[in-house]
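The structure appears right after this line, and notes come after that.
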Amino acid sequence: MSGIFNVPLILASSSPRRIALLDQVRLKVEVFHPDVAERRKKGESPQKMVARLARDKAQAAATAAIWKHGSAVIIAADTCVVAPDRKTVLGKPRNEREAKKMLGLLNGRFHIVHTAYCLLAVAREMDSKSFVKVVSSRVKMRK
């Protein structure tokens with residue numbers, strides 16, 4: 001056990017960057033790859049979408065964590081980029097051509113990045129406790 005107060009700390013993410021960030025601050029985590037469809041619901045704001053997805057990823061890991069460990073603290077996150085038109089949410093590019101197109105949209109312009117994180121404490125014998133926070137940043141990409 002390597003988490004807070006001898007409770008396993010689980011990262012509900014497939015992101016190599018998130019794994020590296022926690023490793024950089026010397027947090028030993030168990031990685032769980034959540035199977036959550038990362039789609040925006042009709043009428044959902046980008047902020048609500050990332051908060052929901054972070055919560056869903058944490059909850060997906062919770063079932064496995066309780067089964068395996070009995071209790072755990074789970075960290076999950078989701079990020080989206082809103083294009084300069086403030087209407088288009090850019091997803092993960094499916095290929096190099098799509099990635100270049102997205103970078104072209106952002107080139108030399110301001111865009112918004114929304115990241116939500118969820119901390120979820122779970123145990124067999126108690127109700128889960130969660131905290132979700134959304135952080136938004138205005139970013140300008142250099143040409």
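- In this structure, Val82 and Lys87 approach most closely via the heavy-atom pair CG1-N, 4.3 Å.
- Counting non-hydrogen atoms of neighbouring residues, nucleotides and ligands closer than 6.0 angstrom, the CZ atom of Arg39 reaches no more than 12 such neighbours.
- Across Ala12 and Lys57, no two heavy atoms sit closer than the pair CB-O, 3.5 Å.
- Residues Ala58 and Ala76 approach most closely at N-CB, 3.6 Å, considering heavy atoms.
- Residue Ile10 comes nearest to Ala61 through the heavy atom pair CG2-CB, 4.4 Å, listed as atom of the first residue, atom of the second, then distance.
- Leu27 and Val73 fall within the same hydrophobic cluster, where Ile, Leu, Val, Met, Phe, Trp and Tyr residues are linked whenever their side-chain heavy atoms come under 4.5 Å apart, directly or through other members.
- Atom SG in Cys80 sits 7.5 Å away from atom CZ in Arg40 (nearest 0.5 Å).
- Taken together through direct or relayed side-chain contacts under 4.5 Å among Ile, Leu, Val, Met, Phe, Trp and Tyr, Val113 and Leu21 form parts of separate hydrophobic clusters.
- With contacts defined as side-chain heavy-atom distances shorter than 4.5 Å, the pair Val81/Val89 does not qualify.
- Counting non-hydrogen atoms of other residues, nucleotides and ligands closer than 6.0 Å to CG of Asp85 gives a total above 12.
- For the pair Thr115/Val50, no side-chain contact is recorded, criterion being any heavy-atom separation below 4.5 Å from C-beta on.
- Grouping the Ile, Leu, Val, Met, Phe, Trp and Tyr side chains by contacts below 4.5 angstrom, directly or via other members, places Met49 apart from Leu90.
- No salt bridge links Lys101 with Glu96; every basic N to acidic carboxylate O contact stays at or beyond 4.0 Å.
- Atoms NZ and CG, from Lys28 and Leu11 in turn, are 15.0 Å apart once rounded to the nearest 0.5 Å.
- Asp35 CG: 12 or fewer foreign heavy atoms inside a 6.0 Å radius.
- For Ser137 (side chain) and Val139 (main-chain N/O), no donor-acceptor pair under 3.5 Å exists by modelled atom type.
- Applying side chain to side chain donor-acceptor pair (under 3.5 Å) to Thr79 and the options Arg18, Lys92, His114, Arg17 leaves one that passes, Arg18.
- Put simply, the side chain of Leu53 reaches to within 4.5 Å of the side chain of Val36, judged on heavy atoms.
- Within the model, atoms CH2 of Trp67 and CZ of Arg124 stand 7.5 Å from one another, a figure rounded to the nearest 0.5 Å.
- With Leu22 as reference, Val29 is the one residue of Val29, Leu9, Val31 to meet the side-chain contact (heavy atoms from CB on, under 4.5 Å) rule.
- The structure places OG of Ser130 at 10.5 Å from CD1 of Ile74, a figure rounded to the nearest 0.5 Å.
- Here the closest non-hydrogen pair linking Ala62 and Leu120 is CB-CD2, 3.9 Å.
- Here the CG atom belonging to Leu106 is positioned 14.0 Å from the NZ atom belonging to Lys143, to the nearest 0.5 angstrom.
- Taking CZ from Phe110 and CZ from Arg86, the interatomic distance works out to 10.0 Å, rounded to the nearest 0.5 Å.
- Looking at Val122 and Lys129, their side chains never come closer than 4.5 Å, going by heavy atoms from C-beta outward.
- Met102 is connected to Met141 through a chain of hydrophobic side-chain contacts under 4.5 Å among Ile, Leu, Val, Met, Phe, Trp and Tyr, so both are in one cluster.
- Counting only heavy atoms from C-beta outward, the side chains of Glu44 and Arg52 approach each other to under 4.5 Å.
- Taking 4.5 Å as the limit, some side-chain heavy atom of Gln59 sits within range of a side-chain heavy atom of Arg55.
- Taking all atoms of both residues into account, the shortest heavy-atom contact from Ala54 to Ala116 is CB-O, 3.8 Å.
- You'll find the side chain of Phe32 stays beyond 4.5 Å of the side chain of Glu30, heavy atoms only.
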